[in-house]
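These notes are about the structure you will find just below.
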Amino acid sequence: MAGEFTNPEIVEEEVDILIIGGGMGACGAAYEIGPWLEAAKEQGIDLKVKLVDKAAMDRSGAVAQGLSAINTYLGDQDPADYARMVSNDLMGITRDDLAYDLGRHVDDSVHLFEEWGLPIWKQPGDEVKPLAEGGKPVRSGKWQIMINGESYKCIVAESAKKALGTARIQEHVFIAKLVNDKHDKHRIAGAIGFSLREHKVYVYRFKACLLVAGGCVNLFRPRSVGEGLGRAWYPVWNAGSTYAMAAEAGAELTMMENRFVPVRFKDGYGPVGAWFLLFKAKAINAFGDVYLETNKHLLDDYPPYGQAAAPASCLRNHLMLKEIREGRGPIYMDTVTALGKLAETMTPKEIKHLEAEAWEDFLDMCIGQAGVWAGENIEPEKKSSELMPTEPYLLGSHSGCCGIWVSGPADLGAPTSEEHDDAGRIPNHLPSGWNWGYRSMTTVKGLFTAADGVGASGHKFSSGSHAEGRLAAKAMVKFCMDHKDHTPELADAVEQLVEEIYRPVRNFIEHKDYTTAIDVNPNYITPKMFQFRLQKIMDEYVAGVSTLYQTNAKMLEVAEHKLEMLKEDALKMRAKDLHELLRAWENYHRILTAEAHMKHIQFREESRYPGFYYRMDFNLVDEENWKCFVNSVYDKESKTWTCFKRAHVDIVDKSKLFK
Ligand code: SFD
Ligand code: AMP
């Protein structure tokens, strides 16, 4: 066994652009890049592109299981209103330039999805009229539209593969590290990864790279343990690769203190959006109180955000947590009353159809929840279902905003009171430091990101992630054309990189015969056990579910120390096969992401997201001192983080939100 396992074949390849990931952002880039490559060719520049996904694109990433709604579709709404909503839901600290830019581009991706065959619910009479031709969708909420989306990812991936061509796509290769340029440490030059099917290590050299490997899941101890282990809301295969690899390459991160704690149907993590928004269901405590109403006064503690017409997701959680803390749980989604009310004006056939839709909402995107309903004999019209706030997730495209600091669009600016237009914006006046030439480029030259990778925006969801991938693709081609004579050279020797990637394999081979039980060995730790240790630290000290999302400086100090120890032990992770090598590297990415999260929470001395986490020693939103971005850089040589403030500017006028 040892032979080829310990000495993998090394495959070196030079391209111009590497796309890392095969999810919504990557599919957007893969689809969009073709025409821009053609335009470059016409100018005599022939650019080579490759896409690498650790899984199979048809079912990889967050949309793997399908979705039942597209949560960002503007229709005839104003992108400035969209930017306002994003800001409000994320407690005022977002990049309006990024949100506005996304808002004005996102619908085009949705129109493409429909053209490619995604069934979108339409208003009666408009059933066969495409959205692009004015067909009116069934909206579950102001920004969300309903779809029959079990095959959503297959449809989007099919078009991406067709556009890029399968010869330019490599599946089942996990990228483990980015490599900086030999002559400029603020530039990216390559990436290294390994095959999950064969004993091969891939080394890519490139001018530009799109890092779109999703968010981070399983860094906190999940609520589902034991027989439920592996069940989570966001996909367990989003392992923080985006944030960790960008940080190691020297990219500035932003808002890594932010997290998303979704309220979900208990145990199955089923979606709640359709229930709240489409079926108009209410969440209640065990005694039937609608806590969003009975606890409404708590919002007064958080001006101005508490006064917004729609309270932020974290504030909704805050009102629920009071009920749980004070012993008035379980919390329920009152499906019985909601369906009963809807049924009052319906025929039996229409009622049957409505019930089918309630089931399909789960079957389209979270089959496990349908399993819970079936297994517990839950008929939603007769029995309400429990809700729970989940363990925290790190992401930048859903209702969270952690991620990487990127260059914004060049044509959107900060308003001054004298000169903004009706939508509250003026052109050509960007806050300094928000644009450095190429949309979606990080602070590392040539390194781009999109979707879950882009911080300080959020609420892009599946459609916005695709659109943002497209924006990045165009900018990357421009970057390559502007730097056509640049030859990337790796800062690190390939042999040394391979050695590092395969360290868990060597740990195993060297020590496996020391004991007779393969998992019990003083010389190595299995990736599974290592993950448990990380999750325990994060859960107990960094505001996980076991402390009801509470922490303080002292607890964070303990976490800091324990994470240091864990990082030392990480060198002892073992890999008995390629699958474990994947698990080991996912853990390396998770631990750095977890550390960034912890450091940012430590730095921000306030509780900006009540309901997502509380710094009990600074249990307030402190507008005066903390209405700012918290950004950080990681130094891979000294293994230290530096956190700092960056000024926040409202480019879109927000006063409308609080009227
Ligand atoms: O119900 C490597 N999302 C929803 N979006 C909507 O529009 N509507 C919904 O209904 C949504 N909801 C929802 C959503 C997600 C999930 C999991 C659930 C419910 C249960 C959000 C979107 O899905 C999300 O915004 C986008 O998918 C984000 O796109 P992107 O590209 O940032 O991430 P990805 O799609 O997960 O893809 C990641 C890719 O990277 C690969 N990868 N490849 C190589 N090397 C590595 N080291 C890698 N690490 C990862 C992955 O394989 C994958 O291809 S609801 O809750 O509101
Ligand atoms: P979810 O299924 O919870 O991910 O929600 C899908 C969409 O509905 C997201 O855009 C959420 O922000 C929005 N949403 C969910 N619950 C509510 C609610 N109670 N009020 C307003 N918007 C909500």
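Values below: every heavy atom of this structure, side chains too, minus hydrogens, waters and symmetry copies. First listed ligand is number 1; within each ligand, the first listed atom is number 1. Being a predicted model, the structure only gives us computed values, none of them experimental.
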Discussion item. Return the closest protein heavy atom for atom 35 (O) of ligand 1 as residue, atom name and distance.
Written reply: Met24 N, 3.2 Å
Discussion item. Need the ligand 1 atom indices (1-based, order shown) with element for anything under 4.0 Å from a heavy-atom of Val63.
Written reply: 23 (O), 27 (O)
Worksheet item: Backbone, side chain, both or neither: what part of Arg264 comes under 4.0 angstrom of ligand 1, heavy atoms only?
Response: side chain
Worksheet item: Just which atoms of ligand 1 are under 4.0 Å from any heavy atom in Val212?
Response: 38 (C), 39 (C), 40 (O)
Discussion item. Taking 4.0 angstrom as the limit and counting only heavy atoms of Ile70, give me the atoms of ligand 1 inside it, by number and element.
Written reply: 7 (O)
Worksheet item: For atom 26 (C) of ligand 1, which protein heavy atom lies nearest, and how many Å away is it?
Response: Ser465 OG, 3.7 Å
Worksheet item: Heavy atom of Glu468 under 4.0 Å from ligand 1?
Response: no
Fill in: Heavy atom of the protein closest to atom 51 (C) of ligand 1 (residue, atom name, distance)
Asp53 OD1, 3.4 Å
Worksheet item: Can you pull the residues with any heavy atom under 4.0 Å from ligand 2?
Response: Asn71, Gln144, Arg264, Pro271, Val272, Gly273, Phe276, Leu277, Arg316, His398, His459, Phe461
Worksheet item: Hey, which atoms in ligand 1 end up nearer than 4.0 Å to a heavy atom of Pro235?
Response: 17 (C)
Discussion item. Under a 4.0 angstrom heavy-atom cut-off, which atoms of ligand 1 come close to Gly23?
Written reply: 31 (O), 34 (P), 35 (O), 37 (O), 39 (C), 53 (C), 54 (O)
Worksheet item: Any idea which part of Trp233 is under 4.0 Å from ligand 1, heavy-atom wise: side chain, backbone, both or neither?
Response: both
Item to complete: Could you tell me whether Asn238 approaches ligand 1 through its side chain, its backbone, both or neither, with non-hydrogen atoms closer than 4.0 Å?
Response: side chain
Worksheet entry | Any N or O of Gly453 closer than 3.5 Å to N or O of ligand 1 | no
Worksheet item: What is the closest protein heavy atom to atom 6 (C) of ligand 1, and at what distance does it sit?
Response: Ser462 OG, 3.3 Å
Worksheet entry | Between Thr294 and Asp289, a side-chain donor and acceptor under 3.5 Å | no
Fill in: Per-atom contacts of ligand 1 with Val173, taking only distances under 4.0 Å to non-hydrogen atoms
44 (C)
Worksheet item: Is Trp237 in polar range of ligand 1, meaning some N or O pair under 3.5 Å apart?
Response: no
Worksheet item: What do we get for Ala213 next to ligand 1 when only non-hydrogen atoms under 4.0 Å count, side chain, backbone, both or neither?
Response: both
Discussion item. For the NZ atom on Lys282, are there more than 12 heavy atoms of other groups (residues, nucleotides or ligands in this structure) within a distance under 6.0 Å?
Written reply: no
Item to complete: Pull out every atom of ligand 1 sitting under 4.0 Å from any heavy atom of Asp452, numbered as shown with elements.
Response: 28 (C), 32 (O), 33 (O)
Worksheet item: Of the listed options (Gly28, Ala244, Ala69), which comes nearest to atom 10 (O) of ligand 1 when hydrogens are ignored and any heavy atom counts?
Response: Ala69
Worksheet item: Looking only at protein heavy atoms, which one is nearest to atom 30 (P) of ligand 1, and how far off is it?
Response: Ala451 CB, 3.6 Å
Worksheet item: Counting each atom of ligand 1 from 1 as listed, which ones have a heavy atom of Gly21 under 4.0 Å away?
Response: 40 (O), 41 (C), 43 (N)
Worksheet item: Should Ser60 be counted as touching ligand 1, given the test is an N or O pair under 3.5 Å?
Response: yes
